[in-house]
Amino acid sequence: MTNEGIQLAMLLGAEDRTTAFEALLSAHERMVLRVAWRMLGSLDDARDAAQDVFLKLHKHFDRVDPARIESWLYRTTMNACYDILRRRKPAVALDMDIAVPSEAVDGIELAQRREMVAEALKQLPERERAVIVLREIEGVETAEVARIMGITETTVRSQVSMGKARLKRILEKMR
Amino acid sequence: MKWNDDDLGLALRGLREEQPADAAITALHARVMADVRKPRSRWWVWAIVPVAAAVVVAVLVWPRTEPLQPPVEVARSPIPAATPSPDETKPIAPARTVPDRTNPIPPNREELAVRRETKPIYPARTVPDKTNPILRVGVPRIEATETPGMVRIASSDPNIVILWSLDDAPKPSATPETNQIEPNEGEFER
């Protein structure tokens, strides 16, 4: 279903509410689950967070602006992830025994580099991790990230910079 | 091991290409839709039921302090008036009626006609026997008794008999001036 189709479905009456919602779910479930997965580092927790997000979407279905559905989903996903992270503190310890066959980054396969970065992400503070996930992984514009996070664009750039520097330090400590 | 910005950026963008497994997405879809299609649990109904039951019990158990209301009298429909006969063309003057609170049903016309024609029977008037001296009210009869010096005065009431002594000796009497009994001459003088 296209975006126009989804918006039209959202504007339909209560009888087609479930149909419209399912269309939205199919269009965005992959993105929401992926972001939650990056934020939480666990697919099971990510599924719980994504489920909360979509149940909230269903509850506030009539109040969500169809034009800003992605921003709403990002923000709600971040909030759901924060809730799960607070419940499961202390934070998951970084598994430092990631196998790296070579000393040179160039020699490491891309998949292994991704795995290392994904593990290093878990060590970042929540806010920096959220900014890195949205800006660097999801490719959301800085202004949009600022709106989602409720901070200024300058703060977004600052947190992206600090987060990347912290990531590099974490990665350099990995064997 | 050194990481430059390009390597880190490349690795981060590569994470976007890593997607969750399709099974995880399918499971998420199924869980969400099952929750959405599940009928809403009306928990508030179950919260209201015990409260309402407690209120009803409290109202029933609470002691009544107000006096009981008198029983409501059920108004009976009046007996329909019979159609007047042709000879009852004259209008019946309305009798002076005293409201009878015990019988709210007014008599119908037939009953009123019967009452009007029926004259009451009064008991015969008895004339008192004036020859009987006892019955002559206010005139007592004086009779002699067996005791000398005593007479009996019979009044109109047979239960009242007055015995009168005809002794000549003076009797103590009260004077109106002092309202005290004066002794006879030489009675208390020593």
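In what follows, chains carry the letters A, B, and so on, assigned in the order in which the sequence lines appear, proteins first and then strands, with residues in each chain numbered from 1.
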**Study point:** A/Arg169 portion near chain B, given a 4.5 angstrom heavy-atom threshold
**Key:** neither

Revision key, fill the gap. Cut-off 4.5 Å, heavy atoms of chain B, and the answer for A/Ile137 is both

Point to revise | Full working for side-chain contact (heavy atoms from CB on, under 4.5 Å) between A/Leu33 and B/Gln19 | key: CA-CA 9 Å; A/Leu33 188 61; B/Gln19 297 293 337; over 6 Å; no

Review point. Is there side-chain contact between B/Met33 and A/Thr18, with heavy atoms separated by less than 4.5 Å?
Key: yes

Practice item. Report yes if the side chains of A/Leu167 and B/Leu12 come closer than 4.5 Å at any heavy-atom pair, otherwise no. Key: yes

Determine, using the 4.5 Å side-chain heavy-atom cutoff (strictly less than), whether [X] and [Y] are members of one ILVMFWY cluster.
X        : Y        : answer
B/Ile160 : B/Ile153 : yes
B/Trp62  : B/Val56  : no
B/Met150 : B/Val161 : yes
A/Met162 : A/Leu124 : no
B/Ile48  : B/Val57  : no

With a 4.5 angstrom heavy-atom cut-off, which part of [X] approaches chain A: side chain, backbone, both or neither?
X       : value
B/Leu8  : side chain
B/Asp22 : side chain
B/Glu17 : side chain

Exercise for review: Under 4.5 Å, counting heavy-atom pairs only, tell me which of B/Arg37, B/Arg13, B/His29 racks up the most with chain A.
Suggested key: B/His29

State the [atom1]-[atom2] distance between [X] and [Y], to the nearest 0.5 angstrom.
X       : Y       : atom1 : atom2 : result
A/Phe54 : B/Arg31 : CZ    : CZ    : 12.5 Å
A/Glu29 : B/Leu28 : CD    : CG    : 6.0 Å
A/Met31 : B/Arg16 : CE    : CZ    : 9.5 Å

**Study point:** Worked check of side-chain contact (heavy atoms from CB on, under 4.5 Å) between A/Arg113 and B/Leu10
**Key:** CA-CA 9 Å; A/Arg113 275 189 256 169; B/Leu10 190 64; 4.2 Å; yes

Review point. Of all of A/Ile132, A/Val32, A/Val117, which one pairs up most often with chain B through heavy atoms under 4.5 Å apart?
Key: A/Val117

Exercise for review: Heavy-atom pairs under 4.5 Å with chain B are the metric here; pick the option from A/Lys164, A/Glu136, A/Gln51 that has the most.
Suggested key: A/Gln51

Exercise for review: Flag yes if more than 12 heavy atoms outside B/Arg152 fall under 6.0 Å of its CZ atom; otherwise flag no.
Suggested key: no

Check your understanding: Which heavy atom in B/Val32 sits nearest to a heavy atom in A/Leu55, and how many Å separate them?
Key -> O-CD2, 4.3 Å

Point to revise | Side-chain (A/Arg114) to main-chain (B/Ala11) donor-acceptor, under 3.5 angstrom | key: no

Practice item. Could you check B/Glu18 against A/Arg34 for side-chain contact (heavy atoms from CB on, under 4.5 Å), going step by step and ending with a plain yes or no? Key: CA-CA 8 Å; B/Glu18 280 189 9; A/Arg34 183 180 64 234; over 6 Å; no

Review point. Hey, is A/Lys168 close enough to B/Asp7 for a salt bridge, meaning N to O under 4.0 Å?
Key: no

Check your understanding: Is there a side-chain contact (heavy atoms from CB on, under 4.5 Å) between A/Leu121 and B/Leu15 once you walk through the steps?
Key -> CA-CA 11 Å; A/Leu121 268 176; B/Leu15 285 177; 4.0 Å; yes

